[in-house]
Amino acid sequence: MPSDPHVETIATDTHTLVTIPCLSDNYAFLLRDNNSGDVALIDVPEAAPITAELDRRGWTLSQIWLTHHHFDHIDGLPELAKTHSAPVYGAKADAERLPDLDSALADGDTFTLGTLDVRVIDVSGHTVGHIAFFVPQAKAAFTADSLMALGCGRLFEGTPEQMHASLEKMRDWPDDTLVCSGHEYTASNAKFALSVDPDNTDLKKRAKDIDAIRAEGRFTVPSLMSLERATNPFLRCNDPGLRANIGLAQATDVEVFAEVRKRKDSF
Ligand code: ZN
Ligand code: FE
């Protein structure tokens with residue numbers, strides 16, 4: 001079969017990362033360890049595009065990783081499992097709201113996908129029990145609706161303190177880490193980011209780049225951690241320029257985060 005123009009792939013000698021658009025603006029991901037041939041699926045918004053991609057590549061799923069309980073990240077699982085079942089990994093703390101888990105995970109847990117080490121991080125805030133998966137050897141982190149491209153998830157369940165603490169756990173990831181987040185929200189996130197951080201040169205350039213990428217119908221996800229650190233307002237609560245722009249030069253980082261999040265909710 002010809003390659004699907006609606007899917008984007010990053011391939012190296014050691015691993016392959018496939019970004020699959022689902023529903024109206026969700027992303028699911030396939031991560032393959034090329035040494036073992038083991039494949040993980042991260043989130044299951046809907047079955048059809050994922051099944052099509054697995055079949056096209058002739059890949060067999062080894063593991064399914066769930067980030068959080070929202071329907072747009074798990075609802076495709078029953079349909080997918082009819083043809084591509086695999087052990088399901090998710091947060092132990094949220095097990096009652098997730099599909100049946102074969103592996104119940106907690107913050108700090110590690111496991112392997114073939115020869116790749118995977119670290120589990122509790123990143124509560126958007127929901128309580130949201131987890132992220134960091135795969136250092138693949139330079140990839142699956143953050144869904146916690147850290148997002150130029151944004152972070154809305155606080156449906158957690159407090160500003162929780163989300164700020166979660167983002168602090170992610171901010172030290174290496175520059176070349178690919179942030180695999182759950183939605184294509186980046187263009188609207190850029191407009192908001194410019195409203196609180198208008199003098200940020202890196203942000204202004206990124207906003208232009210995003211418009212160009214979207215005009216070509218390409219994805220802004222995954223994004224680079226170096227770029228998130230330089231331009232994502234939710235990672236820049238300690239930046240003097242951003243703080244001055246929103247009139248909170250003397251506030252704590254958490255107070256700045258809470259204010260930026262509040263402004264985003266009504267932007
Ligand atoms: Zn969500
Ligand atoms: Fe979502």
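Keep in mind that what you see is a predicted model, and the values were worked out from it rather than measured. Counting starts at 1 for both ligands and their atoms, in listed order.
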Could you name all protein N, O or S atoms found under 2.8 Å from the Zn ion (ligand 1)? His68 NE2, His70 ND1, His126 NE2, Asp145 OD2

Quiz question: by atom type and distance under 3.5 Å, do the side chains of Thr110 and Arg119 form a donor-acceptor pair? no

Between the side chains of Glu157 and His68, is a donor N or O closer than 3.5 angstrom to an acceptor N or O? no

How about the Fe ion (ligand 2), which protein N, O or S atoms come within less than 2.8 Å? Asp72 OD2, His73 NE2, Asp145 OD2, His183 NE2

Quick one: closest heavy-atom pair of Met163 and Phe257, and the distance? CG-CZ, 3.4 Å

Taking it one step at a time, do Glu228 and Arg206 satisfy salt bridge (charged side-chain N to carboxylate O under 4.0 Å, His left out)? CA-CA 10 Å; Glu228 295 306 332; Arg206 187 176 181 190; 2.7 Å; yes

Verify the distance criterion only: is there a donor paired with an acceptor across the side chains of Asp33 and Thr115 at less than 3.5 Å? yes

Aromatic centroids of His126 and His70 separated by under 6.0 Å: yes

If hydrophobic clusters are built by linking Ile, Leu, Val, Met, Phe, Trp and Tyr wherever their side-chain heavy atoms come under 4.5 Å apart, do Val39 and Phe134 end up in the same one? no

Taking the six-membered ring for Trp, are Trp65 and Phe111 ring centroids under 6.0 Å apart? yes

Ring centroid separation for His130 and His73, is it under 6.0 angstrom? no

